[in-house]
Structure formats: C-alpha cells, structure tokens
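To keep things clear, I will list the structure first and then write my remarks on it.
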There are 2 protein chains.
Amino acid sequence: MPDRNRPSHSPDTTYTISELAKEFEVTTRTIRFYEEKGLIAPLRQGQKRLYTPADRVRIKLILRGKRIGMTLDECVEVIDMYDPAHNNSEQLRSLIDTVRDRRARFLQQRRDIDDMLAGLDEVQALCEQALADAGDTQ
Amino acid sequence: MPDRNRPSHSPDTTYTISELAKEFEVTTRTIRFYEEKGLIAPLRQGQKRLYTPADRVRIKLILRGKRIGMTLDECVEVIDMYDPAHNNSEQLRSLIDTVRDRRARFLQQRRDIDDMLAGLDEVQALCEQALADAGDTQ
DNA sequence: GCCCAAGTTTACGTTAACGTAAACGGTAAT
DNA sequence: ATTACCGTTTACGTTAACGTAAACTTGGGC
C-alpha cells in the first residue's frame, strides 16, 4: 500500500485518479475525459495515471470554471493565461487584451448573480410577510 | 403597420418575436424553443405570436440565468419562485428553503467569479511587469 | 394579381460533456 | 488459486439547447 500519510503539502505529492475523483466529487470518467480533451496530462507509472499537485490545481480550475457556466474550451483559455508561454511584447499586450475581455464577462456574470440574489431577497421577504399575515389571522 | 412609436413603458405594449429576438440578440428559433419547453406562453393574434411585457421579462430572466450557466430547467425553477402560486404555510416554508438553497449556490458562484477575477489580476500584473522589464532593457 | 418580408410548423442535424458497458491487466488479501 | 478491487482502453449511448432546412401562410406595397 502506498503511503497515504505523507503531508498533503509535500512538493512531490501525487494522487491517483480515484483520490482526485473523490476529492472533487466527479467520476474517474470525467477526469479521463479532461485528459482526452487535452486539459490535463498526468504522468504514468506503468499504465496507471499519476497526478501531480499541478494537475490537481488544473482540475480545480476546470471545475471552478464549470460552476460558473464556462465550457471546457473556455476553461482552457483561462488556464492558459497562467502559464508563461508569452515571450515577446506583442504576445503580452495581446494577453492583456484577452484578460480585459474576460474580466468584463466575469463582471457581467457577477452583476447577473447579484440581480438573482436581489430577486431571491424579494421572494423571501414576500414569503415571510405572507407567513406572518397567516399567523396574525389565525 | 402597427404602431412602433408607442411608449415602451405602456402597460399593454406587445412585441413581435423578431423585435424581442433583436433586442436580446438571440434567434427567433431560440424564443420559439423556450415556448416549446413551456418557459413562455405568448398570446396569439391569428397565427402569430404576441409577447407581453411579462413575457419579455421572463425571457430576460432566462437569458440572465443562462449567462451564469443555469440550465433552462433551473431557470424555470427560479422564475417560478416569483409567481404567487404558494397558498398555504407549508408551501411558503418549502419555498423559503428552496430560496435558501439557491442563494447558497449563487453565493458559491460569486466566490468562484471573485477567485477568477483575482487570478486575472495576477496575470495582468505579471504581464505589465514583464512589459516594463522589457522596456527597461531596451 | 403578384411579390416580398415576416411569420408559422415539422423534422432532422449538431455539439458538448460526459454516462455506461464490455473486456482486459495488475496486485493484494484470503 | 481465486476473489476482490483498482485501473485501463474502446466504443457506443444520452441529454440539452439550439441550428438548419423545407414547405406553407399571411398582410401590406406596387
């Protein structure tokens, strides 16, 4: 049995596919699918996949993106912003533009969520009022 | 030609499908699809669909939901919270629970977006630093 | 009367993101 | 040695949310 008691912050920690699947509450199929799509590229020990902390972070970012409705392709776009394959000034400026556009979309989404939350507040207030009224006339 | 100059806030304003399609930048197919799925139920004048301001609001809510990754079914759930078909106290309490759950999900999404935005800030800072450095060594 | 733009119905096609099943390999415990 | 789990590959199935095309109707303009 491999050592499951090593500190989780160890730099050379690795994870099996089922460990990550359990942690993130997805199926192993999902994780393999992400690999198939090129979103992650785990090591292999023999035939089995071995995930590094970096892989784990990528999965975390993917799932975060998914929760706010991003497609996998969009997740890749955002994740790729992090890796420093941007050599010359032209690429840097282009990346800054991409960042600006993406930020605008995120801000729109946050406005949408705030609007939704405001709606929920109203609904709840109406509910509680109706409940109070029902209590009064009892 | 129908009057297209009536004030848009008139209570009995109606819209054609193409007007709404243009306003919300979707296709007419999309709007008909929402009807097919039971999300809206426009009036008819003869064979043609006529949309009321209430229909328009529902479409707006649907699209808002979609922007934050909600499915159409989830949009219906949320929209249905607004209409007062909640008669007795039991239903009211149940609705309050539903509201609480939904709010929790929205709050999670907002955290996700804030995390994404923080990531973009970092990326941008690194970009600008790299650009500045490139300028220095020129 | 004829045309055109906008509307309609019906139906099949498409894409993303997995689910599900089959068939197989490695290894650890009984 | 057999059972019990992981893990693997390959492949077909599924659902949501429309796109696209065909064939038809309808009211207004020339």
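Chain identifiers are assigned alphabetically (A, B, ...) following the order of the sequence lines, protein sequences preceding nucleic acid strands; residue numbering begins at 1 within each chain.
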request  = Consider only side-chain N and O atoms of B/Arg111 and B/Gln108, and report whether a donor and an acceptor are under 3.5 Å apart.
outcome  = yes
Smallest heavy-atom separation, A/Phe106 atom then A/Ile68 atom, equals CE2-CD1, 3.7 Å
N/O contacts under 3.5 Å, protein versus nucleotides 7-11 of chain D?
residue : atom : partner : partner atom : Å
D/dG7   : OP1  : A/Thr16 : OG1          : 3.3
D/dG7   : OP1  : A/Ser18 : OG           : 2.7
D/dG7   : OP2  : A/Ser18 : OG           : 2.8
D/dT8   : OP1  : A/Arg49 : N            : 2.9
D/dT8   : OP1  : A/Arg49 : NH1          : 3.0
D/dT8   : OP2  : A/Arg32 : NE           : 3.0
D/dT8   : OP2  : A/Arg32 : NH2          : 2.8
D/dT8   : O5'  : A/Arg49 : NH1          : 3.1
D/dT9   : OP1  : A/Arg44 : NH1          : 3.3
D/dT9   : OP1  : A/Arg44 : NH2          : 3.4
D/dT9   : OP2  : A/Arg49 : NH1          : 2.9
D/dT9   : OP2  : A/Arg49 : NH2          : 2.7

Whether the A/Ser94 and A/Asp97 side chains hold a donor-acceptor pair (N or O, under 3.5 Å, no angle test) is what I'd like checked. no
Check the surroundings of atom CD in B/Gln45: do more than 12 heavy atoms from other residues, nucleotides or ligands lie under 6.0 Å from it?
no
note: B/Leu39, atom CG; D/dA16, atom P; distance rounded to Å ~ 13 Å
In whole angstroms, the gap separating P of C/dA17 from CD1 of A/Ile40 amounts to 14 Å
- Query: So does B/Tyr34 get a side-chain nitrogen or oxygen closer than 4.0 Å to the phosphate oxygens (OP1/OP2) of D/dC18?
  - Reply: yes
Whole-Å distance, A/Gln45 CD to D/dC6 C1', equals 12 Å
By the 4.0 Å heavy-atom rule, please label B/Lys37 as base, sugar-phosphate, or nothing. nothing
**A/Asp55 and A/Thr52: CA distance, side-chain angles, deciding distance, side chain to side chain donor-acceptor pair (under 3.5 Å) verdict** = CA-CA 5 Å; A/Asp55 291 327; A/Thr52 67; 3.3 Å; yes
Residues A/Thr27 and A/Ala21: closest non-hydrogen pair is C-CB, 4.1 Å
To the nearest angstrom, the CZ-P distance between B/Phe24 and D/dC18 comes to 14 Å
When rounded to whole Å, the CZ to C1' distance for the pair A/Phe33 and D/dT15 reads 14 Å
note: A/Leu72, atom CG; D/dA16, atom P; distance rounded to Å ~ 18 Å
